[in-house]
Amino acid sequence: MNIILPGRVAGLLILVAILVLMEYLRRQALAGKFRSIRKIAAIDAIEQVVGRAAEMGGKVHASIGDIFAQLTQEYATQIFAALSITEYTARLCAKMRVPIIATMMYGETLPLVDETIQQAYKAENRLEDFRKENVRFVAGTQLSYCAGVFEIIQKEKVVGQLLVGPWAYAAVLLGEFGRQAGALQVGGTARIVMIPGFVAVYDYFLIGEELYAGAALVSGDKLKISTVSAQDYSRIASMGLLIVGALLTLTGSQLVQSFLKW
Amino acid sequence: MSNETVRRTLPLVVTIVVALIMFLDYYTGAPVVVDFSRTITSWSVVIGLFGQLLGVVALISINARHLQKKTPKRWYFSIMMLATLFLFLAIGLATTASGAIYQLMYNNIVVPLESAMMGVLGFYFIIGGYKAFRGFSLDVAAFMLSLLAILLMLAPIATAIWPGFTDIGGWIQLVPNRAAQRGVLIGVSLGAIVLAFNTLLGRERGYLGG
């Protein structure tokens with residue numbers, strides 16, 4: 001009897017290899033050899049968004065996703081990344097005394113977002129500025145959620161918007177609402193089908209894996225950033241595997257395919 | 001138990017244990033683990049529903065506060081919101097969500113409103129596309145040509161004039177588009193793996209409130 005199910009051995013080996021690589025990079029970082037990752041324009045722009053809101057006396061709206069922002073779905077890692085970026089934004093808001101309104105479509109993420117923002121205010125010693133009523137569950141369906149956020153953008157002088165996480169088409173609607181209200185906007189998703197929508201509507205955007213890298217960058221934790229650089233090495237290895245696989249296939253060998261199906 | 005244990009350590013331990021069970025379920029398929037993971041999946045659905053309830057309670061509380069304070073330009077919307085919420089809830093409980101009255105209300109109130117919003121979305125996509133096409137560069141030209149090819153492939157009149165549009169559009173969808181998407185997908189998957197490992201090892205604590 002196989003310990004590992006057939007067809008999943010190669011995947012497990014690749015996962016173990018990534019884990020070993022991450023641990024190696026972490027140990028190197030602990031020894032003082034930090035790996036850096038490139039700057040991401042959208043992450044740098046968050047300070048601009050909050051700063052502009054402070055100058056204009058407006059508010060910042062943040063959301064971690066729409067219909068896919070459920071912790072029980074496959075996009076949970078995107079929610080975790082979005083929470084880290086939201087925490088960074090909330091810290092900037094606390095520092096610059098800009099009110100932040102956070103909305104969500106699912107009640108299950110309400111305590112997470114609430115706690116994240118509250119902790120950010122606490123870290124900046126501005127807990128007295130934290131307003132619980134600014135963390136809002138708006139609606140359980142996508143278009144009702146859009147309508148609710150539209151009202152917030154219109155009536156509460158939102159001049160900055162941060163929409164990162166697992167987004168569906170609500171991101172385009174909210175982005176356009178925000179643009180009409182004159183908000184400076186940062187968007188980001190790792191959902192491939194929505195990337196063109198973000199590129200078209202947002203001032204700054206995080207595409208695909210930038211969402212995860214951005215989450216590590218905003219933490220400022222050099223150990224975490226070093227382990228994230230494992231993404232780059234793994235990508236190079238994936239490209240190598242693709243090229244070797246293509247060349248071997250041309251010679252009639254099915255070695256790489258057989259390994260991946262192992 | 002100390003506050004720190006309840007707020008940080010306990011959720012972290014739960015995350016690690018659950019993730020390990022799911023991991024073992026996927027890779028080993030051992031019957032004991034599979035049964036356990038199915039039970040946990042059912043729990044997650046129940047917990048998620050309780051989470052929704054939490055959201056509804058928060059929504060009622062915020063709107064009740066607006067009503068109580070008579071917030072200018074807001075309180076009458078709160079009345080509408082609460083009335084609609086309780087009306088749907090009462091009818092749903094009395095007749096179930098598949099009942100005739102509930103369905104009538106849903107199909108004649110919610111569906112048309114959602115359709116209207118969907119219509120607006122179409123316009124916003126066009127506006128977004130138009131703005132993306134402002135200014136000329138090689139990228140914009142490639143974007144524009146791809147868009148035209150796909151539009152011509154999907155428009156019946158274009159393919160009736162020249163069937164070759166189907167091949168050009170199909171090629172763009174299947175070759176450059178799919179290649180780019182797979183490239184992004186590989187990057188996204190690697191990013192998710194790294195973040196998941198950091199979460200599993202207790203190094204990523206953003207979800208615990210930083």
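Proteins get letters first, then strands, A, B, ... in listed order; numbering begins at 1 in each.
Counting heavy-atom pairs closer than 4.5 Å to chain B, the top-ranked of the candidates Leu110(A), Val9(A), Leu211(A), Val172(A) is Val172(A). Between chain A and the options Leu201(B), Leu54(B), Leu195(B), heavy-atom pairs under 4.5 Å are most frequent for Leu195(B). The most heavy-atom pairs under 4.5 Å with chain B, out of Leu173(A), Ile207(A), Val201(A), come from Leu173(A). Of all the listed residues (Ser44(B), Ala196(B), Ala116(B), Gly51(B)), the one sharing the greatest number of non-hydrogen pairs under 4.5 Å with chain A is Gly51(B). If you tally non-hydrogen atom pairs under 4.5 Å between each of Ala192(B), Gly183(B), Ser61(B), Ala180(B) and chain A, the highest count goes to Ala192(B). When each of Thr77(A), Ile85(A), Ile18(A) is checked for heavy-atom pairs under 4.5 Å with chain B, Thr77(A) comes out on top. Annotation: maximal heavy-atom pairing with chain A below 4.5 Å, among Ile47(B), Leu59(B), Val184(B), Leu49(B), occurs at Leu59(B).
For Phe143(B), no part sits under 4.5 Å from any heavy atom of chain A, backbone or side chain. If you measure heavy-atom distances from Gln180(A) to chain B, the contacts under 4.5 Å come from the side chain alone. Looking at Lys155(A), the atoms closer than 4.5 Å to chain B (heavy atoms on both sides) all sit in the side chain, from C-beta outward. For Leu223(A), no part lies under 4.5 angstrom from a heavy atom of chain B. Of the atoms belonging to Ile4(A), heavy atoms from both backbone and side chain fall under 4.5 Å from chain B. For a residue to count as touching a neighbouring chain, one of its non-hydrogen atoms must lie under 4.5 Å from one of that chain's; by this rule Ile117(A) does not touch chain B. Residue contact with chain B, scored on non-hydrogen atoms closer than 4.5 Å, involves the backbone and the side chain of Phe137(A) alike. Looking at Ile62(B), only its side chain comes within 4.5 Å of chain A, counting heavy atoms on both sides. Only the side chain of Phe23(B) comes within contact range of chain A, judged by heavy atoms closer than 4.5 Å. Of the atoms belonging to Ile193(B), it is side-chain heavy atoms, and not backbone ones, that fall under 4.5 Å from chain A. In this structure, chain B has a heavy atom under 4.5 Å from the backbone of Val138(A), while its side chain stays farther away. Only the side chain of Ile192(A) comes within less than 4.5 Å of a heavy atom of chain B; its backbone N, CA, C and O stay farther away. The contact between Thr227(A) and chain B is made by backbone and side chain atoms together, counting heavy-atom distances below 4.5 Å. Both the backbone and the side chain of Ala81(A) come within contact range of chain B, with heavy atoms under 4.5 Å apart. Heavy-atom distances place the backbone of Met105(A), and not its side chain, under 4.5 Å from chain B. Both the backbone and the side chain of Leu121(B) have a heavy atom closer than 4.5 Å to some heavy atom of chain A.
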(request) For the pair Gln103(B) and Thr95(B), evaluate side-chain contact (heavy atoms from CB on, under 4.5 Å) and give the outcome as yes or no after the intermediate values. (result) CA-CA 10 Å; Gln103(B) 284 295 316; Thr95(B) 68; over 6 Å; no

(request) Take Arg38(A) and Glu210(A) through the salt bridge (Lys or Arg N to Asp or Glu O under 4.0 Å) test and state the conclusion after the steps. (result) CA-CA 10 Å; Arg38(A) 71 176 167 85; Glu210(A) 285 182 347; 2.9 Å; yes

(request) Go through the steps for Glu156(A) and Arg136(A) under the test salt bridge (Lys or Arg N to Asp or Glu O under 4.0 Å), then give the verdict. (result) CA-CA 13 Å; Glu156(A) 304 201 30; Arg136(A) 303 173 195 171; 2.8 Å; yes

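In plain terms, the two heavy atoms of Ile40(A) and Leu206(A) that are nearest each other are CG2-CD2, 3.5 Å. Between Phe68(A) and Ala168(A), the closest heavy-atom pair is CE1-CB, 3.6 Å. The two residues Ala213(A) and Val228(A) come nearest to each other via the heavy atoms CA-CG1, 4.0 Å.
Between the side chain of Asp203(A) and the backbone N or O of Gln185(A), at least one donor-acceptor pair lies under 3.5 Å. No side-chain donor-acceptor contact under 3.5 Å links Glu124(A) to the backbone of Leu92(A). Proximity of a side-chain donor or acceptor of Gln173(B) to a complementary backbone N or O of Gly170(B) within less than 3.5 Å is not detected. Judged purely by atom type and a 3.5 angstrom limit, Ser229(A) has no side-chain atom pairing as donor or acceptor with the backbone of Arg35(A). Panel note: side chain Tyr202(A), backbone Ala171(A); a donor-acceptor pair is recorded below 3.5 Å. A donor-acceptor distance shorter than 3.5 angstrom exists from the side chain of Arg8(A) to the backbone of Tyr26(B), with no hydrogens or angles considered.
The side-chain tip of Arg91(A) does not point at the ring of Tyr121(A) from less than 6.0 angstrom away and within 45° of straight on.
To the nearest 0.5 Å, atom CG of residue Asp232(A) and atom CG of residue Leu25(A) are 10.0 Å apart. Atoms OH and CG, on Tyr102(B) and Leu87(B) in that order, are 10.0 Å from each other to the nearest 0.5 Å. Note that the CD1 atom of Ile14(A) and the CG atom of Leu241(A) stand 6.5 Å from one another [nearest 0.5 Å]. To the nearest 0.5 Å, the span separating CG on Leu112(A) from CG on Leu71(A) amounts to 5.5 Å.
Defined by atom type and a distance below 3.5 Å, a donor-acceptor pair is present between the side-chain atoms of Thr71(B) and His66(B). Between Arg179(A) and Tyr124(B), the side chains place no donor N or O within less than 3.5 Å of an acceptor N or O (distance only, hydrogens not considered).
Identified by a heavy-atom distance below 4.5 Å to chain A, the contributing residues of residues 108-115 of chain B are Glu114(B), in residue-number order. For residues 140-153 of chain A, the interface with chain B (any heavy-atom pair closer than 4.5 Å) comprises Gly140(A), Thr141(A), Leu143(A), Ser144(A), Cys146(A), Ala147(A), Glu151(A), sorted by residue number.
Salt bridge absent: Arg191(A) and Glu74(A) never bring a charged side-chain N and a carboxylate O closer than 4.0 Å.
In this structure, Ile101(B) places its CD1 atom where only 12 or fewer heavy-atom neighbours from other residues, nucleotides or ligands lie under 6.0 Å away.
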